[in-house]
Amino acid sequence: MPRTAAPPLTSPVPRAADSDRRRTNASVVLRSVLEHGPVARSTISRLTGLSPASVTDYCARFTEAGLIREAAAPRRSQGAGRPHVPVDLDDSRFVVGGVHVAVPYTTVAVLNLRGQVLAERRLKHEGHEGTEPASVLECAADGLVALLDEFPGYRPLGVGFAAGGWVDGETGTVVEHPLLGWREVPARQVIGARAGLPVHVDGHARALVNAERLFGRGRGSRSVLHLFVGNVVDAAFATNDAVHHGPRSQAGAIAHLPVPGGTEPCDCGRTGCLQAELSERTLCRRARAAGVIAGVNPMRVVAAAAGGDVRAVGLLVERARTVGRAVGLLLDVLNPERVVVTEIGIISREDCLLALREAVGPNRAADVVPTSFPDSVLAMAGGAVALDVLYRDPLSLPCRDPLSLPAAPN
């Protein structure tokens with residue numbers, strides 16, 4: 001059965017200048033609570049540059065909407081007068097759902113407003129229908145609804161959907177995912193109809209750069225580049241909290257970026273394209289050829305390396321060096337303050353991270369870090385799409401009678 005959802009979050013749309021200003025101010029106030037809470041309203045005013053009256057007004061709206069709450073114990077002020085009562089994010093009422101479609105499986109997850117993954121499940125692409133789009137998306141929607149049903153005390157705000165390839169967030173469509181064989185797949189429409197919830201769609205690299213900006217190592221950086229290296233290889237770039245999408249959200253398509261020294265033939269007819277060199281499929285094929293593994297699961301290469309297999313270690317370290325060369329190219333072009341890399345070897349092994357940084361070079365090595373979400377990166381990718389909508393426009397969640405909110409725990 002379709003779920004009863006909270007009033008839907010609305011994706012940002014062009015508005016009058018004063019509405020844009022209010023939305024921006026509301027966003028910086030709520031993010032200040034997220035980053036610094038429990039925090040006094042006077043501190044929020046100092047951090048954001050907004051007047052105390054404005055901060056008090058926004059906090060009152062967020063409290064009424066159930067997004068924040070006053071902390072239990074007031075902090076005494078230095079001088080005379082009333083104590084400062086800090087406010088904090090209320091993560092006890094609302095959740096978002098996350099869906100991430102990868103090549104071998106789909107991940108469904110439930111996240112709270114702090115970006116913490118409360119539960120996740122993997123749904124393998126099996127059976128005669130395999131990766132047929134409707135089958136995958138309907139299964140994902142049903143799996144997510146079942147997972148949300150395990151959290152009856154929370155109200156779902158919506159669903160975030162992420163995938164690799166070319167994903168158009170505005171239309172909610174997977175325009176092209178060559179490894180899945182998908183073209184013009186209406187992900188928002190299919191999942192929304194099945195789950196009965198508002199659905200927000202984006203590519204997984206853009207989703208993860210937003211997750212880093214909100215909850216991870218990207219906080220406070222004026223520009224962040226995220227490089228995702230899996231079966232799909234793509235990137236996303238954010239400056240001053242704005243993620244670059246390009247026409248029909250095609251920015252970040254770096255699969256055919258030539259890698260110096262690359263030797264792997266690509267389907268495009270060239271040699272040494274980034275995705276052909278770094279795909280997990282390529283890693284597994286090389287591992288099979290070296291006698292390291294017998295299957296197609298890249299985590300078995302990581303496990304073999306952890307068990308002391310020098311061939312597996314060599315494959316992972318060399319892959320990390322190639323990632324480093326690609327990062328060096330992107331640094332030359334975009335010059336971000338921070339680069340975040342999602343790649344299994346770099347996440348799992350210090351020698352891979354060192355190889356990556358050596359390839360980048362000493363001047364920028366310290367600016368390149370692994371993902372902040374090593375244990376839940378795909379779950380985070382899906383959920384972050386919906387959470388980004390909330391934190392960009394928190395006033396889109398209407399204030400309501402507190403009696404209609406999910407009950408806060410004692």
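- Listed by first and then second residue, the salt bridge (Lys or Arg N to Asp or Glu O under 4.0 Å) pairs involving residues 219-234 are R222-E337 (not counting sequence neighbours).
- Side chain to side chain, S27 and T24 fail the donor-acceptor criterion of an N or O pair below 3.5 Å.
- Here L316 contributes atom CG and I346 contributes atom CD1; the two are 10.0 Å apart, rounded to the nearest 0.5 Å.
- Within the 3.5 Å criterion, the main-chain N or O of L50 finds no donor-acceptor partner in the side chain of S54.
- No side-chain heavy atom of V87 sits under 4.5 Å from any side-chain heavy atom of P38.
- Pairing each heavy atom of A162 with each of A207, the nearest pair is CB-CB, 4.3 Å.
- Judged purely by atom type and a 3.5 angstrom limit, R41 has no side-chain atom pairing as donor or acceptor with the backbone of A53.
- Interatomic distance, CD of E358 versus CG of D351, reported as 10.0 Å (0.5 Å rounding).
- A salt bridge links E184 to R248: at least one charged side-chain nitrogen sits closer than 4.0 Å to a carboxylate oxygen.
- Looking only at distances, no side-chain donor or acceptor of S249 sits under 3.5 Å from a matching main-chain atom of H245.
- In terms of heavy-atom proximity, F237 sits nearest to P336 at CE1-CB, 3.6 Å.
- Looking only at atom types and distance, the side chain of T171 has a donor-acceptor partner in the side chain of D168 under 3.5 Å away.
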Stepwise side chain to side chain donor-acceptor pair (under 3.5 Å) check, S42 with S45: CA-CA 5 Å; S42 58; S45 177; over 6 Å; no
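- N112 contributes a side-chain N or O that, together with a main-chain N or O of Q116, makes up a donor-acceptor pair within less than 3.5 Å.
- The shortest heavy-atom contact between A386 and G160 is CB-N, 3.7 Å.
- Environment of CD in Q189: sparse, with no more than 12 heavy atoms of neighbouring residues, nucleotides or ligands closer than 6.0 Å.
- Ion pair D88/R69 not flagged as a salt bridge, since none of the NZ, NE, NH1 or NH2 atoms sits closer than 4.0 Å to an Asp/Glu carboxylate oxygen.
- Two residues are said to be in side-chain contact when any heavy atoms from C-beta on lie closer than 4.5 Å; R281 and V296 fail this criterion.
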Stepwise side chain to side chain contact (heavy atoms under 4.5 Å, CB included) test for V327 and L356: CA-CA 9 Å; V327 169; L356 164 74; 4.2 Å; yes
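- Side-chain atoms of Y154 and L148, non-hydrogen and from C-beta on, never get closer than 4.5 Å to each other.
- Taking H100 as the reference, H204 meet the ring-ring contact (aromatic ring centres under 6.0 Å, His included) condition, with sequence neighbours excluded.
- The closest side-chain heavy-atom distance from L118 to V95 is below 4.5 Å.
- A distance of 6.0 Å separates OG1 of T107 from CD of E120, quoted to the nearest 0.5 Å.
- In terms of modelled atom types and a separation under 3.5 Å, the side chain of S279 and the main chain of A276 share no donor-acceptor contact.
- Between L157 and P198, the shortest heavy-atom distance links the atoms O-CG, 3.5 Å.
- Side chains of R22 and S19: a donor-acceptor N/O pair is present below 3.5 angstrom, by distance only.
- Other residues, nucleotides and ligands contribute more than 12 heavy atoms inside 6.0 Å of the CG atom of N297.
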Residue pair S372, E212: steps toward the side chain to side chain donor-acceptor pair (under 3.5 Å) verdict: CA-CA 7 Å; S372 302; E212 295 288 347; 2.6 Å; yes
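- From Y391, atom OH reaches atom CG of N210 across 13.0 Å, with rounding to the nearest 0.5 Å.
- Using a cut-off of 4.0 Å between Lys/Arg side-chain N and Asp/Glu carboxylate O, R321 and E318 are scored as salt-bridged.
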V369 and R338: CA distance, side-chain angles, deciding distance, side chain to side chain contact (heavy atoms under 4.5 Å, CB included) verdict: CA-CA 8 Å; V369 297; R338 179 59 56 92; 3.8 Å; yes
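- Of all the heavy atoms in S32 and I44, the pair that sits closest is CB-CG2, 4.2 Å.
- One finds the NE2 atom of H200 at 9.5 Å from the CG atom of L390 (value rounded to the nearest 0.5 Å).
- Classified by interplanar angle (parallel below 30°, tilted 30° to 60°, perpendicular above 60°), the ring pair F62/Y58 is parallel.
- In this structure, the side chain of R188 engages the main chain of E170 through a donor-acceptor pair within 3.5 Å.
- No side-chain donor-acceptor contact under 3.5 Å links R213 to the backbone of S223.
- T106 and H125 share a side-chain donor-acceptor pair at under 3.5 Å.
- A salt bridge between R31 and D241 is present, with a side-chain N of the basic residue lying under 4.0 Å from a carboxylate O of the acidic one.
- In this structure, the side chains of L47 and H36 come closer than 4.5 Å at one or more pairs of heavy atoms.
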Intermediate values then yes/no, side chain to side chain contact (heavy atoms under 4.5 Å, CB included), V103 and T131: CA-CA 8 Å; V103 175; T131 56; 5.9 Å; no
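- A salt bridge is absent between E35 and R114: the closest approach of a Lys/Arg side-chain nitrogen to an acidic carboxylate oxygen does not fall below 4.0 angstrom.
- Salt bridge status for E264 with R270: absent, with no side-chain N to carboxylate O gap under 4.0 Å.
- Here R357 does not pair with D367 in a salt bridge; the nearest charged N to carboxylate O distance is not below 4.0 Å.
- Rounding to the nearest 0.5 Å gives a distance of 9.5 Å between CG of D142 and CG of L123.
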Trace of the salt bridge (charged side-chain N to carboxylate O under 4.0 Å, His left out) decision for D20 with R23: CA-CA 5 Å; D20 287 339; R23 184 177 62 195; 3.3 Å; yes
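- N335 has its side chain within reach of R364: a pair of non-hydrogen atoms, C-beta onward, lies under 4.5 Å apart.
- At least one side-chain heavy atom of T322 sits less than 4.5 Å from a side-chain heavy atom of L278.
- Closest of all the heavy-atom pairs between D149 and P152 is O-CD, 3.8 Å.
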Side chain to side chain contact (heavy atoms under 4.5 Å, CB included) between H256 and C266, worked out: CA-CA 8 Å; H256 298 289; C266 181; 3.4 Å; yes
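- The shortest distance between side-chain heavy atoms of L89 and L30 falls below 4.5 Å.
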Criterion salt bridge (charged side-chain N to carboxylate O under 4.0 Å, His left out) on R319 and E277, from CA distance to verdict: CA-CA 8 Å; R319 187 176 192 237; E277 287 291 329; over 6 Å; no
